[in-house]
S.K.: 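The structure's right below; bear with me while I get my questions together.
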Amino acid sequence: INNLFDSRCGMVYIAHEQLGWRPAIQTWLATTLSKAVPGLTKAHQDSINNLFDKYVDGGLAWVRKQGSEYIPSVDNNLTTSLALLLQSLMDPNKGFKLSGLEGEAFNNAFGKLFGFAYVWALGGNLAPQSREAFDEFVKEHLAGVVTFPGVTCLPAAVSAASSAIC
């Protein structure tokens with residue numbers, strides 16, 4: 001079966017499973033994020049793209065094979081959540097200052113933002129029984145980017161008195 005098909009109006013459709021998450025993230029980097037964060041250079045975009053390339057597939061594989069989600073998700077949903085959470089954290093109107101952040105300084109600062117967003121975008125939908133294992137996975141998997149404190153990244157369970165996850 002061919003995964004490409006055309007409609008009666010001449011459009012070609014490709015199943016999102018065949019396309020993957022990378023084209024959406026590359027488009028977001030080149031268009032939406034560049035407009036949202038003034039001063040974002042090609043070098044910054046490359047650094048961000050490298051983090052996605054290096055770490056996202058491992059996290060998605062973990063969620064799919066070992067995680068238990070409250071609501072079933074697709075990879076594009078999780079990566080879009082990661083991208084938009086990062087974008088919100090980089091909003092200059094909320095205090096993010098890109099000026100002076102180049103090279104290793106940018107990588108260090110952005111690594112912390114990436115680690116935070118990664119935990120919540122990929123792990124925020126995990127059921128409590130998966131959180132401790134995800135916490136261990138993330139601390140090891142992202143060790144080259146960010147060092148998490150000794151506490152867990154995600155709470156093990158939601159309090160009965162509170163509907164909030166943290």
S.K.: Just how far is it from atom CG of Leu33 to atom CG of Leu86, taken to the nearest 0.5 Å?
M.R.: 8.0 Å
S.K.: Please name the pair of heavy atoms, one in Leu89 and one in Ala117, separated by the smallest distance, quoted to 0.1 Å.
M.R.: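 Minimum heavy-atom contact is CD1-CB, 4.3 Å.
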S.K.: When you measure from the side chain of Ser68 to the backbone of Ser130, do you find a donor-acceptor pair of N or O atoms at a distance under 3.5 Å?
M.R.: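 No, Ser68 side chain to Ser130 backbone: no donor-acceptor pair under 3.5 Å.
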S.K.: If the condition is side-chain contact (heavy atoms from CB on, under 4.5 Å), which residues does Ser88 pass it with, not counting sequence neighbours?
M.R.: Leu85
S.K.: Using the side-chain contact (heavy atoms from CB on, under 4.5 Å) criterion, which residues pair with Lys94? Sequence neighbours excluded.
M.R.: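 If we apply the side-chain contact (heavy atoms from CB on, under 4.5 Å) test to Lys94, skipping adjacent residues, the hits are Asp91.
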S.K.: Give every residue pair that meets the salt bridge (charged side-chain N to carboxylate O under 4.0 Å, His left out) criterion with at least one member in residues 66-80, sequence neighbours excluded.
M.R.: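 Applying salt bridge (charged side-chain N to carboxylate O under 4.0 Å, His left out) to every pair that reaches into residues 66-80, excluding sequence neighbours, yields Arg64-Glu69, Arg64-Asp75.
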S.K.: Mind checking side chain to side chain donor-acceptor pair (under 3.5 Å) for Gln87 and listing every partner two or more places apart, or none if nothing turns up?
M.R.: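 Partners of Gln87 by the side chain to side chain donor-acceptor pair (under 3.5 Å) criterion, ordered by chain and then number, come out as Trp28.
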S.K.: Do you know the tightest heavy-atom contact between Phe110 and Leu51?
M.R.: CD2-CD1, 3.4 Å
S.K.: What residues, two or more places apart in sequence or in another chain, satisfy side-chain contact (heavy atoms from CB on, under 4.5 Å) together with Ala121?
M.R.: Ser81, Leu82
S.K.: Run the salt bridge (Lys or Arg N to Asp or Glu O under 4.0 Å) test against Glu136 and tell me which residues pass, sequence neighbours left out.
M.R.: none
S.K.: Which pair of non-hydrogen atoms, one from Gly67 and one from Leu126, has the smallest distance, and what is that distance?
M.R.: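 So the two residues come closest at CA-CD2, 4.0 Å.
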S.K.: If I take atom CD1 from residue Ile25 and atom OG1 from residue Thr79, how far apart are they, to the nearest 0.5 angstrom?
M.R.: 4.5 Å
S.K.: Identify, with sequence neighbours excluded, every residue that meets ring-ring contact (aromatic ring centres under 6.0 Å, His included) alongside Phe114.
M.R.: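 Checked Phe114 against ring-ring contact (aromatic ring centres under 6.0 Å, His included); matches are Phe52, Tyr118.
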S.K.: Output, in order, the C-alpha distance, side-chain angles, deciding distance and verdict of side chain to side chain contact (heavy atoms under 4.5 Å, CB included) for Leu40 and Met90.
M.R.: CA-CA 10 Å; Leu40 193 71; Met90 295 177 73; 4.1 Å; yes
S.K.: The criterion is side chain to side chain donor-acceptor pair (under 3.5 Å); which residues satisfy it with Thr27, sequence neighbours excluded?
M.R.: none
S.K.: Return the set of residues passing side chain to side chain donor-acceptor pair (under 3.5 Å) with Lys65 (not counting sequence neighbours), or none when no residue passes.
M.R.: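 Result, side chain to side chain donor-acceptor pair (under 3.5 Å) vs Lys65: none returned.
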S.K.: So, using salt bridge (Lys or Arg N to Asp or Glu O under 4.0 Å) as the criterion, who are the partners of Lys42 when residues are at least two apart?
M.R.: Asp46
S.K.: For residues 55-62, please give each side-chain donor-acceptor pair under 3.5 Å, one per line with the distance, not counting sequence neighbours.
M.R.:
| unit_1 | atom_1 | unit_2 | atom_2 | d |
| --- | --- | --- | --- | --- |
| Asp57 | OD1 | Trp21 | NE1 | 3.0 |
| Asp57 | OD2 | Arg22 | NH1 | 3.2 |
| Asp57 | OD2 | Arg22 | NH2 | 2.6 |
| Trp62 | NE1 | Gln66 | OE1 | 3.1 |

S.K.: Got a second to check how far Trp120's CH2 is from Asn125's CG, nearest 0.5 Å?
M.R.: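 Answer for the CH2-CG pair, Trp120 versus Asn125, is 11.5 Å.
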S.K.: What distance separates Gln45 CD from Asn50 CG, expressed to the nearest 0.5 Å?
M.R.: 11.5 Å
S.K.: Checking Thr80 now: which residues fulfil side-chain contact (heavy atoms from CB on, under 4.5 Å) with it, not counting sequence neighbours?
M.R.: Leu84
S.K.: Of the non-hydrogen atoms in Gly123 and Phe134, which two are nearest, and what is the gap between them?
M.R.: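 Nearest pair, atom of Gly123 first, then Phe134: CA-CE2, 3.5 Å.
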S.K.: Is there a salt bridge (charged side-chain N to carboxylate O under 4.0 Å, His left out) between Arg131 and Asp135 once you walk through the steps?
M.R.: CA-CA 6 Å; Arg131 291 187 181 163; Asp135 181 72; over 6 Å; no
S.K.: Do the non-hydrogen side-chain atoms of Phe148 and Leu142 ever get within less than 4.5 Å of each other?
M.R.: yes
S.K.: Decide whether Thr41 and His44 meet the rule of one side-chain donor and one side-chain acceptor closer than 3.5 Å.
M.R.: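 Yes, because at least one side-chain N or O of Thr41 sits under 3.5 Å from a partner of the opposite role on His44.
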